[in-house]
Amino acid sequence: MESFTEKVRAVVAVIPKGQVMTYKAVAIAAGNPKAARAVANIMAKNYDQHIPCHRVIRSDGGLGGYNRGGENVKKQLLTGEGAVV
DNA sequence: GCGCTGACTGTCA
DNA sequence: ATGACAGCCAGCG
């Protein structure tokens, strides 16, 4: 059975290139609309290189964070993929 | 098992 | 529009 963490990872892994999802959207897709913080926590502590977590942003259009270089790098990645920030 | 932390979100002032 | 407050969840010590 998939724990919330597994679900979140799967959802993020499904995000297509040039597309971005908010933490809230991921939380909903994972099955918990209120678990946006948990999603962020999962990314923050358990970052997976196979998962484009840099495509996960805040609901206000903010980048949130990136444990791989910072928000600036995250923004560069998103813009480089064609995402509008 | 309890308490704190954190890349969040939404509402009020 | 900006700032502050409260609410929610999962992971870790």
Side-chain angles (χ1 to χ4, degrees):
Chain A
M1 96 123 202
E2 335 83 2
S3 306
F4 185 77
T5 320
E6 308 261 318
K7 273 284 201 72
V8 172
R9 289 201 216 170
V11 173
V12 177
V14 152
I15 305 175
K17 177 172 173 281
Q19 182 65 60
V20 294
M21 276 180 94
T22 63
Y23 291 99
K24 195 173 191 310
V26 176
I28 295 168
N32 284 325
K34 316 253 200 189
R37 294 194 77 165
V39 176
N41 195 359
I42 292 161
M43 301 282 125
K45 290 182 176 173
N46 199 20
Y47 173 66
D48 293 286
Q49 194 176 77
H50 304 282
I51 299 177
C53 44
H54 62 266
R55 289 183 190 157
V56 187
I57 60 174
R58 292 190 41 146
S59 61
D60 14 358
L63 299 173
Y66 197 50
N67 53 7
R68 258 336 202 175
E71 301 175 47
N72 56 308
V73 177
K74 184 168 177 176
K75 182 172 181 163
Q76 298 306 310
L77 287 166
L78 292 175
T79 50
E81 290 181 340
V84 184
V85 196

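Numbers restart at 1 for each chain; the letters A, B, ... are given by sequence-line order, proteins then strands.
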Side chain of Tyr23(A), base of dA7(B): donor and acceptor closer than 3.5 Å? yes
Side-chain donor/acceptor of Arg37(A) to base of dC8(B), under 3.5 Å: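 Such a pair is found, so the answer is yes.
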Output yes when at least one side-chain N/O atom of Asn32(A) is less than 4.0 Å from OP1 or OP2 of dC8(C), else no.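 It does not, given that no N or O in the side chain of Asn32(A) lies less than 4.0 Å from OP1 or OP2 of dC8(C).
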Respond yes when some side-chain nitrogen or oxygen of Ser59(A) is under 4.0 Å from OP1 or OP2 of dT9(B), and no when none is. yes
Short question: side chain of Lys74(A), backbone of Leu63(A) - any donor-acceptor pair under 3.5 Å? yes
Check whether any side-chain N or O of Asn67(A) sits under 3.5 Å from a backbone N or O of Met43(A) as a donor-acceptor pair, and report yes or no. yes
If you check the Ala35(A) side chain, which of dC9(C), dT9(B), dA7(B) turns out closest?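 Looking only at side-chain atoms, Ala35(A) lies closest to dC9(C).
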Listed nucleotide nearest any side-chain atom of Ala36(A), set dC8(B), dA7(B), dC8(C): dC8(B)
Looking for any heavy atom pair under 4.0 Å, which part of the strands does [X] touch: base, sugar-phosphate only, or nothing?
X        : value
Ala38(A) : base
Asp60(A) : sugar-phosphate
Asn41(A) : base
Thr5(A)  : sugar-phosphate

For atom [atom1] of [X] and atom [atom2] of [N], their distance in whole Å:
X        : N       : atom1 : atom2 : answer
Ile42(A) : dC8(B)  : CD1   : P     : 13 Å
Met43(A) : dC9(C)  : CE    : C1'   : 14 Å
Glu2(A)  : dA10(C) : CD    : P     : 14 Å
Lys45(A) : dA7(B)  : NZ    : P     : 9 Å
Ile57(A) : dT9(B)  : CD1   : C1'   : 14 Å
Asn67(A) : dT5(B)  : CG    : C1'   : 16 Å
Phe4(A)  : dC8(B)  : CZ    : P     : 14 Å

From Ile42(A) atom CD1 to Asp48(A) atom CG, the distance as rounded to the nearest 0.5 Å: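 Spacing of CD1 (Ile42(A)) from CG (Asp48(A)) equals 10.0 Å.
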Roughly how far apart are Lys75(A) NZ and Ile57(A) CD1, rounded to 0.5 Å?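 If we round to the nearest 0.5 Å, Lys75(A):NZ and Ile57(A):CD1 are 11.0 Å apart.
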Base-pairing mate for dC2(B) - Watson-Crick or G-U, with both contacts under 3.5 Å: dG13(C)
Who does dC8(C) pair with, Watson-Crick or G-U, both distances under 3.5 Å? none
Mind checking whether Arg55(A) and Lys17(A) have side chains closer than 4.5 Å, heavy atoms only?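 A side-chain contact under 4.5 Å exists here.
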On DNA chain B, does the nearest nucleotide to Lys24(A) precede the nearest nucleotide to Leu63(A) from the 5' side, or the other way round? Give the residue.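 This one resolves to Leu63(A).
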